[in-house]
Amino acid sequence: MRRRGTAALAAAVLAAQLLAGCGFRLVGSVPLPPSLAVVQVDAVDTQSDFYFGLRKALLAAGTRIEDDSKDQTAAVIHIITDTAVERILTVSTLNVPTEYELTYTLRFSVSSAGHELIAPEDHRLVRDYSYSESALLAKEREKSILSEALANDLTSVVMRRLSSLSGSASAAH
């Protein structure tokens, strides 16, 4: 019985070493360049799903977020547009909406020490969902979950874009 526990432990250690050796990283952990070690997030809407997701992803990547503008060496992520808009796609014969389209739009740029690292970029994700008056609360919850999922997808896009700065970010300084 003791040998089986030791063998399982050895197998787990071996698997961990193999994963570490092949460059495996946890989902959501994106290596960022040293120029993004300290970041300010400049956003009008500090209560959006995207804003919270971006802060969480930056912290997970080891970035320190500077909330006040005292640190002049901090890179600044400018969130220019961060909106979720709902539009009616289809209506029933009684003129009641039966399907909606949710569009999440993001425009952002990044600067550091007076240099523009990423020029303003637009990203847009669109999803549609069905609607039923008889399930009003459930459909409102579905809309909320869908909006949060779109914001998380956009957070991943931005983090991948930030991680691509590794060569150009240090050259800009």
Side-chain angles (χ1 to χ4, degrees), residues 19-90 97 99-131 140-173:
L19 285 175
C22 74
F24 174 80
R25 287 190 321 268
L26 290 175
V27 172
S29 64
V30 177
L32 296 178
S35 61
L36 296 175
V38 179
V39 169
Q40 290 176 333
V41 181
D42 174 30
V44 174
D45 185 1
T46 58
Q47 299 299 311
S48 74
D49 291 330
F50 174 77
Y51 180 81
F52 288 126
L54 180 64
R55 287 181 63 94
K56 184 178 174 183
L58 289 169
L59 291 171
T63 298
R64 189 180 91 220
I65 299 175
E66 190 70 36
D67 286 325
D68 53 9
S69 58
K70 293 179 183 173
D71 191 348
Q72 299 301 322
T73 64
V76 180
I77 300 172
H78 305 277
I79 301 172
I80 303 161
T81 304
D82 176 8
T83 58
V85 177
E86 183 180 58
R87 181 175 74 99
I88 297 172
L89 281 182
T90 60
E99 190 174 20
Y100 283 95
E101 176 183 81
L102 185 63
T103 303
Y104 206 118
T105 305
L106 174 71
R107 182 175 175 87
F108 79 101
S109 66
V110 180
S111 62
S112 178
H115 294 88
E116 188 176 64
L117 300 179
I118 298 177
E121 291 183 2
D122 294 310
H123 297 275
R124 177 178 310 208
L125 294 176
V126 179
R127 300 290 185 275
D128 59 316
Y129 65 98
S130 62
Y131 178 78
E140 284 298 317
R141 180 71 181 134
E142 180 182 359
K143 175 186 166 189
S144 174
I145 290 170
L146 187 57
S147 178
E148 189 175 326
L150 293 175
N152 287 338
D153 289 348
L154 286 171
T155 298
S156 297
V157 168
V158 170
M159 290 302 291
R160 282 192 304 275
R161 187 68 178 94
L162 292 175
S163 70
S164 73
L165 290 174
S166 56
S168 62
S170 55
H173 292 290

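For this chain, numbers begin at 1 and follow the sequence in order. Only heavy atoms go into these numbers, but all of them, side chains included; no hydrogens, no water, no symmetry mates.
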Legend entry - Nearest heavy atoms of R107 and P120, plus distance in Å: NH2-CB, 3.3 Å
Legend entry - Contact check, side chains of E101 and V85, non-hydrogen atoms, under 4.5 Å: no
Legend entry - Euclidean distance, L54 CG relative to L59 CG, rounded to 0.5 Å: 9.5 Å
Inset, instruction - Please say which of T83, V126, D153, L150 ends up in a side-chain contact (heavy atoms from CB on, under 4.5 Å) with Y104. - result: L150
Legend entry - Nearest-0.5 Å distance, NE2 of residue H123 to OG1 of residue T155: 11.5 Å
Inset, instruction - Quick one: do D122 and T105 satisfy side-chain contact (heavy atoms from CB on, under 4.5 Å)? Show the steps, please. - result: CA-CA 7 Å; D122 294 310; T105 305; 5.6 Å; no
Legend entry - Step-by-step side-chain contact (heavy atoms from CB on, under 4.5 Å) determination, L58 to I77: CA-CA 11 Å; L58 289 169; I77 300 172; 4.0 Å; yes
Inset, instruction - May I ask you to decide if the ring planes of Y131 and Y100 are parallel, tilted or perpendicular, using 30° and 60° as cut-offs? - result: perpendicular
Inset, instruction - Look only at the side chain of S147 and the backbone of K143, and say whether a donor-acceptor pair between them is shorter than 3.5 Å. - result: no
Inset, instruction - Could you check if a side-chain atom of L32 sits within less than 4.5 angstrom of a side-chain atom of V39, using non-hydrogen atoms only? - result: no
Legend entry - Test item: V158 and L154 side chains (from C-beta on) under 4.5 Å apart, heavy atoms: no
Inset, instruction - Measure across L102 and A84 and return the closest heavy-atom pair with its distance rounded to 0.1 Å. - result: CD1-CB, 4.4 Å
Inset, instruction - Decide yes or no for S35 and L165: does some side-chain heavy atom of the first lie under 4.5 Å from some side-chain heavy atom of the second? - result: no
Inset, instruction - Flag the pair V157 / L106 as yes when at least one side-chain heavy-atom distance between them is below 4.5 Å, and no otherwise. - result: no
Considering only distance and modelled atom types, tabulate donor-acceptor pairs under 3.5 Å from the side chains of residues 42-53, sequence neighbours left out.
| unit_1 | atom_1 | unit_2 | atom_2 | d |
| --- | --- | --- | --- | --- |
| D42 | OD2 | H78 | ND1 | 3.1 |
| D45 | OD1 | Q47 | N | 3.0 |
| D45 | OD1 | S48 | N | 3.4 |
| S48 | OG | Y51 | N | 3.0 |
| S48 | OG | D82 | OD2 | 2.3 |
| Y51 | OH | R55 | NH1 | 3.3 |

Legend entry - Nearest-0.5 Å distance that lies between atom CD in E148 and atom CG in L146: 10.5 Å
Inset, instruction - Indicate whether the side chain of R160 and that of S163 have a donor and an acceptor atom separated by less than 3.5 Å. - result: no
Inset, instruction - Examine distances only and state if a side-chain atom of S144 and a backbone atom of E140 form a donor-acceptor pair shorter than 3.5 Å. - result: no
Legend entry - For Q40 against A74, the heavy-atom pair lying closest together: CG-CB, 4.1 Å
Inset, instruction - Check whether any side-chain heavy atom of I79 sits under 4.5 Å from a side-chain heavy atom of V41, and report yes or no. - result: yes
Inset, instruction - Check whether any side-chain heavy atom of S112 sits under 4.5 Å from a side-chain heavy atom of H115, and report yes or no. - result: no
